[in-house]
Amino acid sequence: MSSLQPVRGTHDLLPADMRRHRKVRDTARAVAERYGYLEMATPIFEFTEVFKRTLGEASDVVTKEMYTFSMKEGEEITLRPENTASVVRAFLSGGLAQQLPLKFFYDGPMFRHERPQKGRQRQFHQIGVELLGVPHPAGDVEIIVAGAHILDELGFLDDVVLEINTLGDPASRQAYREALVGYFRDHRDRLSEDSKDRLERNPLRILDSKDRGDRELVADAPAFDDYLNSESQDFFAAVLAGLDRLGLNYKLNSRLVRGLDYYSHTAFEFITERLGAQGTVMGGGRYDGLVKLMGGPPTPGVGWAAGIERLAMLLEAEPPAPRPIAIVPIGQAAEEKAQTLARDLRRAGYGVDLGFSGNMKKRLQRANKLGAAAAILLGDDELAEAKATVRDLESGQQETVSLTALTDCLARFR
RNA sequence: GUGGCUGUAGCUCAGUUGGUCAGAGCAUCGGUUUGUGGUACCGAGGGUCGGGGGUUCAAGUCCCCUCAGCCACCCCA
């Protein structure tokens with residue numbers, strides 16, 4: 001392997017990629033702010049314990065996907081594999097429990113040592129929102145609707161379906177889980193290898209197995225509905241009613257589950273067919289047990305996270321690069337004048353390209369390549385009269401104006 | 001982590017049964033045009049054929065290992 005290759009599963013974001021990412025981030029942040037979700041950021045690493053405790057010792061992420069480092073002082077730190085645990089940690093560190101409810105938006109890199117694939121990298125980026133302190137189904141509804149709103153603003157709500165399910169409250173969950181484990185234990189020999197493993201670590205996930213044999217077993221497995229107590233049923237019904245009221249379509253999917261114990265009630269994913277197997281573009285749910293699990297006061301929470309790379313891939317239009325105005329000096333005197341002119345125009349708010357070398361032809365070629373909207377030709381002829389020639393690079397038309405009138409003349413290229 | 005496919009100039013690719021097979025288009029650079037870009041024409045540079053090892057008189061072409069990408073599983077955003 002060449003040391004000049006980027007580390008497996010990492011990618012450089014060159015300007016064109018960056019523009020797509022920024023489009024996603026900026027759109028998401030702007031929409032989130034309309035719902036009152038304010039941007040915040042946590043460090044990209046935390047004490048390993050923060051993730052171990054919350055994600056569960058047995059979870060895939062903790063057992064094999066974390067980038068963990070031992071520091072000289074004996075501390076163990078981990079590059080964050082997701083952001084919810086960090087946000088809750090910040091909530092507790094900052095003593096924010098007095099200010100509920102809280103609404104946060106974040107974006108940033110996450111790290112997971114998985115096998116790379118399209119839409120799945122080892123360093124990837126997420127945007128996300130968290131709503132803390134709201135026990136009502138209206139909170140779930142707001143979170144989901146805000147997510148849909150972002151997808152809509154990005155232009156691909158139609159390419160995505162919202163799948164939703166309930167995991168019930170802890171009591172319902174526990175009862176169902178026991179019934180499920182009992183059922184699958186009785187048929188253990190018919191389970192796939194993967195599912196035998198899941199049976200110990202995360203039995204609910206068996207429901208979502210793609211294995212044929214598993215699916216046959218699942219078909220006759222106990223149904224969650226029979227174990228949902230009335231409170232849980234009412235809660236879910238209220239969430240769905242809220243979505244209905246706001247006109248957001250969804251598809252019930254009883255196989256959609258979350259493995260971790262702190263999850264409860266609502267679980268949802270926005271899924272697209274356009275990205276192959278990595279079709280989940282935004283996913284989240286309610287995590288009423290998390291804050292307490294981390295040692296804080298019992299505090300309900302709901303949120304989602306979305307993969308920026310995946311969303312960026314769905315973007316139809318290439319976000320355009322900024323179009324500068326090119327200054328093309330001809331001759332030594334003009335070159336010096338061009339520097340002060342560039343300064344003045346930039347201060348006036350224009351994007352200005354001033355090349356460092358080359359004759360007129362070269363500079364015009366460069367201006368064209370950059371997509372410059374206009375070129376300002378500065379030669380001896382113009383300088384002698386304190387004028388400049390402004391050339392519209394689209395139409396090819398040009399006119400000579402006095403330097404004092406230049407800013408006005410350029411206004412249409414803004 | 002498991003299985004499968006792929007890897008030739010900056011990019012997209014062609015290279016037939018191992019023997020002028022190191023090529024094309026685009027891009028880049030130069031010229032036609034020493035005050036006018038985008039079009040056109042002419043020309044040039046650029047590749048240890050992902051890397052390493054092996055088989056052979058001879059390997060881009062066959063074998064092994066390795067790295068990376070892609071697809072699926074797993075997991076999830």
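In what follows, chains carry the letters A, B, and so on, assigned in the order in which the sequence lines appear, proteins first and then strands, with residues in each chain numbered from 1. None of these values were measured; they are calculated from a predicted model.
Using modelled atom types, one side-chain atom of A:Glu309 and one backbone atom of A:His125 make a donor-acceptor pair closer than 3.5 Å. The backbone N or O of A:Glu318 lies less than 3.5 Å from no partner atom in the side chain of A:Arg20, so there is not a single donor-acceptor pair. Of the possible polar contacts, one joining the A:Asp17 side chain to the A:Leu14 backbone as a donor-acceptor pair under 3.5 Å is found. Proximity of a side-chain donor or acceptor of A:Arg19 to a complementary backbone N or O of A:Pro319 within less than 3.5 Å is detected. Proximity of a side-chain donor or acceptor of A:Thr10 to a complementary backbone N or O of A:Pro6 within less than 3.5 Å is not detected.
The side-chain hydrogen bond (donor to acceptor under 3.5 Å, both in side chains) test with A:Thr266 singles out one residue from A:Asn165, A:Asp140, A:Thr166, and that residue is A:Asp140.
Checked against B:G37, B:C76, B:G35, the side chain of A:Leu393 finds its nearest nucleotide in B:G37. Comparing B:G35, B:C29, B:C73 by their closest approach to the side chain of A:Lys369 singles out B:C29. Here the side chain of A:Met360 is nearest to one of B:G35, B:A77, B:C71, namely B:G35. Checked against B:G69, B:G37, B:C75, the side chain of A:Leu364 finds its nearest nucleotide in B:G37. Of the candidates B:C74, B:C76, B:C70, B:C70 carries the atom nearest the A:Arg115 side chain, counting heavy atoms from C-beta on.
Residue A:Gly119 is in base contact, counting any heavy-atom pair closer than 4.0 Å across all strands shown. Among the atoms of the strands shown, base atoms are found under 4.0 Å from some heavy atom of A:Asp381. Among the protein residues, A:Gln365 comes within range of the sugar-phosphate backbone only, with heavy atoms under 4.0 Å from sugar or phosphate atoms but none that close to a base. Across all strands shown, A:Glu309 has no heavy atoms under 4.0 Å from either base or sugar-phosphate atoms. Counting non-hydrogen atoms under 4.0 angstrom, A:Ala305 reaches the backbone sugars and phosphates but no base. Residue-level contact check: A:Asp380 touches the bases, meaning some heavy atom is under 4.0 Å from a base atom. No engagement by A:Gly371 is indicated, since no non-hydrogen atom pair under 4.0 Å with the nucleic acid exists.
Between A:Tyr176 and A:Tyr227, the ring center distance clears the sub-6.0 Å criterion. Aromatic ring centroids of A:Tyr35 and A:His149 lie under 6.0 Å apart. Here A:Phe236 and A:His265 keep their ring centres 6.0 angstrom or further from each other.
A donor-acceptor contact under 3.5 Å is formed by the side chain of A:Glu382 with the base of B:G35. Put simply, the side chain of A:Arg120 and the base of B:C70 share no donor and acceptor less than 3.5 Å apart. Side chain A:Asn368 to base B:G37: a donor-acceptor pair is found below 3.5 Å. Side-chain atoms of A:Arg391 and base atoms of B:G37 include a donor and an acceptor less than 3.5 Å apart.
Rounded to whole Å, atom P of B:U33 lies 19 Å from atom CD1 of A:Ile330.
A close approach under 4.0 Å does not occur between any side-chain nitrogen or oxygen of A:Arg310 and OP1 or OP2 of B:C76. Proximity of A:Gln117 to the phosphate of B:A72: a side-chain N or O atom is located under 4.0 Å from OP1 or OP2. For the pair A:Lys361 and B:U33, the criterion of a side-chain N or O lying under 4.0 Å from OP1 or OP2 is not met.
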How does RNA chain B look in dot-bracket form if you count Watson-Crick and G-U pairs under 3.5 Å, write [ ] for pairs that cross, and put | where a base pairs with another strand? (((((((..((((.....[...)))).(((((.......))))).....(((((..]....))))))))))))....
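Heavy-atom distances under 4.0 Å link RNA chain B to A:Gly276, A:Ala277, A:Gln278 of residues 267-278 of chain A, given in residue order.
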